[in-house]
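Report on the following structure.
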Amino acid sequence: MFVPSITVKVHYDMNNINACFIQTNAKPEAVEEVLSAWVRNQIGKGKDEREPAMKEIYEIVIEIDLSNDSFRTTADTGNDSLTLGIISRMILPSLSELRCIAQAS
């Protein structure tokens with residue numbers, strides 16, 4: 001039986017990433033680690049062929065059961081690949097930042 005230990009609720013605005021916010025019962029410093037673990041868990045699941053929901057604001061809820069390190073995700077994106085893209089964009093540097101980092105090395 002899935003018993004969530006940690007819940008992360010993401011409110012994501014496609015037009016204004018600065019308007020995005022997260023509600024969670026995790027420690028603030030652990031949120032990036034939790035979301036990164038979720039992203040790693042999604043890799044390799046294959047492309048989702050469903051039509052994504054076209055919205056300006058998306059709500060994504062990621063729950064983690066720490067007793068067996070399992071995840072449960074609910075989202076109004078209509079497409080798992082879009083959900084993955086949104087969470088990835090929140091935790092990974094943008095391409096422009098990557099270019100700046102690469103040039104600075």
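Starting from 1, each residue takes its place in the sequence as its number. If you're wondering where the values come from, they're calculated on a predicted model, not measured in any experiment.
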Could you tell me whether a side-chain N or O of [X] sits under 3.5 Å from a main-chain N or O of [Y], the two making a donor and an acceptor?
X: Asn25; Y: Ser5; answer: yes
X: Asp76; Y: Tyr58; answer: no
X: Asp65; Y: Ser70; answer: no
X: Thr7; Y: Thr24; answer: no

Can you tell me how far apart [atom1] ([X]) and [atom2] ([Y]) are? Round to the nearest 0.5 Å.
X: Thr77; Y: Ile60; atom1: OG1; atom2: CD1; answer: 6.0 Å
X: Ser81; Y: Lys45; atom1: OG; atom2: NZ; answer: 11.5 Å
X: Glu56; Y: Met14; atom1: CD; atom2: CE; answer: 10.0 Å
X: Glu51; Y: Leu82; atom1: CD; atom2: CG; answer: 10.5 Å

Would [X] end up clustered with [Y] when hydrophobic side chains under 4.5 Å apart are linked, directly or stepwise?
X: Ile62; Y: Phe2; answer: no
X: Ile57; Y: Ile22; answer: no
X: Ile91; Y: Val31; answer: yes
X: Met54; Y: Leu84; answer: no
X: Ile6; Y: Val3; answer: no

Using the test side-chain contact (heavy atoms from CB on, under 4.5 Å), find all partners of Asn18 that sit at least two apart in sequence or belong to another chain.
Asn16
Would you check if [X] and [Y] make a side-chain contact, meaning some heavy-atom pair closer than 4.5 Å?
X: His11; Y: Cys20; answer: no
X: Val10; Y: Gln23; answer: no
X: Lys9; Y: Phe21; answer: no

For Arg89 and Tyr12, what are the C-alpha separation, side-chain angles and deciding distance, and is it a side chain to side chain contact (heavy atoms under 4.5 Å, CB included)?
CA-CA 10 Å; Arg89 184 172 182 209; Tyr12 188 84; 2.8 Å; yes
Can you list every pair that meets side chain to side chain donor-acceptor pair (under 3.5 Å) and has a residue in residues 26-38, with sequence neighbours left out?
Trp38-Thr73
Please assess Val8 against Val61 for the test side chain to side chain contact (heavy atoms under 4.5 Å, CB included), listing each intermediate value before the final yes or no.
CA-CA 6 Å; Val8 179; Val61 178; over 6 Å; no
Taking only residues two or more places apart in sequence, or in another chain, which ones meet Asp13 in a salt bridge (charged side-chain N to carboxylate O under 4.0 Å, His left out)?
none
Less than 4.0 Å between a side-chain N and a carboxylate O, is that true for Asp80 and Lys47?
no
